[in-house]
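Numbered from 1 within each chain, the chains take letters A, B, ... in sequence-line order. The figures that follow rest on heavy atoms only: side chains count, while hydrogens, waters and symmetry mates do not.
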Amino acid sequence: MRKLTSLLLLLASLLGAFAVAAAEPKLTIPETVFDFGFVPQNAKVSHIFWMHSTGTDSLKIVKVSPG
Amino acid sequence: MEIIFNTGHYSKRQTKRPAITTNEGPETKYVQIVCDVYTNPDSTYPISIMPYKFDISQYGEKERSSLEFNVKNLSDQDLDMTLVDMPAGMFKITLPKKIKAGQTGKGKIELLKDQIKKEFEKSVTFQVNDKLNSRFTVPVKRTIRIPGANPTDTTTAKK
């Protein structure tokens with residue numbers, strides 16, 4: 001009985017460790033290119049790109065660098 | 001994520017590719033914007049939008065919340081115009097349904113009620129059904145100057 005309990009505990013801890021290791025953040029951007037077409041000079045134009053966190057851990061945006 | 005591009009003194013075809021770094025891993029992800037910056041408002045084809053910048057600013061007590069614009073079809077075929085992109089919850093846009101070759105259609109942009117007290121700089125993108133499915137992006141700006149009063153809110157980072 002003791003052996004069975006130890007085995008179950010070991011199995012549970014291994015599964016827990018695996019679950020922690022498998023948690024990964026993932027960024028999914030459905031639309032990555034946007035064409036404004038003709039745009040006048042000296043003007044500000046804008047577009048919203050949707051970003052989805054599709055991983056199993058929290059996604060953190062560390063940095064955005066202008067292109 | 002909102003990408004704002006100031007066309008400044010750029011001209012012709014421009015491509016910008018902002019990079020996004022996350023805790024996902026070392027791989028950087030990118031979004032890309034493309035545009036054709038024109039210098040002469042009369043030079044666009046197959047349509048010309050006038051005014052080419054929508055300024056719905058209010059200078060004074062009288063409320064101003066809409067702007068009419070003209071779309072001239074410079075091509076030799078009838079064109080349909082559709083709205084491709086605009087910020088959510090800010091405007092109502094009415095477009096001319098079909099513009100016959102050589103003719104001019106009328107459109108209107110109206111601010112939604114909760115935007116009337118705000119200042120902003122956004123843009124709207126249209127597309128016509130010519131062979132190239134040409135697109136046109138028009139900047140939309142609102143500034144409020146009322147003597148003795150200040151706007152209650154702004155959506156831009158002008159502070």
Side-chain angles (χ1 to χ4, degrees), chain A, chain B residues 1-11 14-25 27-41 43-45 47-49 52-53 84-85 87-88 120-128 132-141 156:
Chain A
M1 186 66 185
R2 229 183 241 174
K3 273 185 184 174
L4 184 65
T5 310
S6 305
L7 194 66
L8 284 173
L9 279 172
L10 181 68
L11 192 65
S13 61
L14 279 172
L15 281 173
F18 178 74
V20 168
E24 282 180 358
K26 185 170 172 58
L27 169 65
T28 303
I29 309 172
E31 174 209 46
T32 55
V33 180
F34 184 76
D35 183 2
F36 285 105
F38 287 105
V39 180
Q41 258 189 345
N42 294 311
K44 276 184 192 170
V45 292
S46 59
H47 177 70
I48 289 175
F49 289 94
W50 285 94
M51 302 167 78
H52 300 287
S53 171
T54 53
T56 50
D57 198 0
S58 300
L59 180 75
K60 287 176 192 162
I61 295 171
V62 179
K63 190 179 169 189
V64 178
S65 314
Chain B
M1 179 177 67
E2 185 178 25
I3 299 292
I4 302 165
F5 178 52
N6 188 347
T7 59
H9 293 291
Y10 284 107
S11 64
Q14 298 296 328
T15 301
K16 298 291 169 192
R17 203 164 169 247
I20 304 148
T21 310
T22 68
N23 61 337
E24 190 181 355
E27 187 194 347
T28 303
K29 293 207 170 174
Y30 297 90
V31 292
Q32 183 173 302
I33 55 163
V34 184
C35 63
D36 284 289
V37 184
Y38 63 86
T39 51
N40 179 3
S43 67
T44 56
Y45 188 85
I47 60 165
S48 168
I49 302 172
Y52 63 98
K53 292 179 181 178
V84 174
D85 187 46
F120 55 79
E121 279 187 273
K122 299 287 178 184
S123 63
V124 291
T125 302
F126 306 113
Q127 185 170 307
V128 289
L132 299 171
N133 285 324
S134 302
R135 284 187 176 189
F136 298 82
T137 296
V138 183
V140 186
K141 183 182 173 185
T156 56

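- Of the possible polar contacts, none joining the T125(B) side chain to the F36(A) backbone as a donor-acceptor pair under 3.5 Å is found.
- In this structure, OG on S134(B) lies 6.0 Å from CZ on F38(A), to the nearest 0.5 angstrom.
- Screening residues 49-61 of chain A for side chain to side chain donor-acceptor pair (under 3.5 Å), with sequence neighbours left out, gives T28(A)-T54(A).
- For D85(B), the part sitting under 4.5 Å from any heavy atom of chain A is the side chain, from C-beta outward, and nothing else.
- Here T32(A) contributes atom OG1 and Q32(B) contributes atom CD; the two are 7.5 Å apart, rounded to the nearest 0.5 Å.
- Proximity to chain A (any heavy atom under 4.5 Å) is shown, for F126(B), by neither the backbone nor the side chain.
- Contact count against chain A (heavy-atom pairs under 4.5 Å) is highest for H9(B) among K16(B), H9(B), Q127(B), Q14(B).
- Proximity to chain B is limited to the side chain of I29(A), based on heavy atoms less than 4.5 angstrom apart.
- One N or O on the side chain of S123(B) and one on the backbone of S46(A) form a donor-acceptor pair closer than 3.5 Å.
- For T7(B) (side chain) and N42(A) (main-chain N/O), a donor-acceptor pair under 3.5 Å exists by modelled atom type.
- Looking only at side-chain heavy atoms (C-beta outward), I20(B) and M51(A) come within less than 4.5 Å of each other.
- Residue contact with chain B, scored on non-hydrogen atoms closer than 4.5 Å, involves the backbone of P66(A) exclusively.
- With a 4.5 angstrom heavy-atom cutoff, V84(B) touches chain A only via side-chain atoms.
- How far OG1 of T22(B) is from NZ of K26(A): 9.5 Å, rounded to the nearest 0.5 Å.
- Checked by atom type and distance alone, the side chain of E24(B) pairs as donor or acceptor with a backbone atom of L27(A) at under 3.5 Å.
- Side-chain polar atoms of T39(B) and Q41(A) form no donor-acceptor pair below 3.5 angstrom.
- Ranked by heavy-atom pairs under 4.5 Å with chain B, the list V45(A), V33(A), I48(A) is led by V45(A).
- The part of Y10(B) that comes within reach of chain A is its backbone (N, CA, C, O), which places non-hydrogen atoms under 4.5 angstrom from that chain.
- Here F34(A) contributes atom CZ and I33(B) contributes atom CD1; the two are 9.5 Å apart, rounded to the nearest 0.5 Å.
- Here the OG1 atom belonging to T137(B) is positioned 10.0 Å from the NE2 atom belonging to H47(A), to the nearest 0.5 angstrom.
- When all heavy atoms of Y38(B) and P40(A) are compared, the closest pair comes out as CE2-N, 3.5 Å.
- Residues D36(B) and V39(A) fail the side-chain proximity criterion, which asks for heavy atoms closer than 4.5 Å.
- The neighbour count for E31(A) CD, taken as heavy atoms of other residues, nucleotides or ligands under 6.0 Å away, is above 12.
- At distances below 3.5 Å, at least one donor-acceptor pair connects side-chain atoms of R135(B) with backbone N or O atoms of D35(A).
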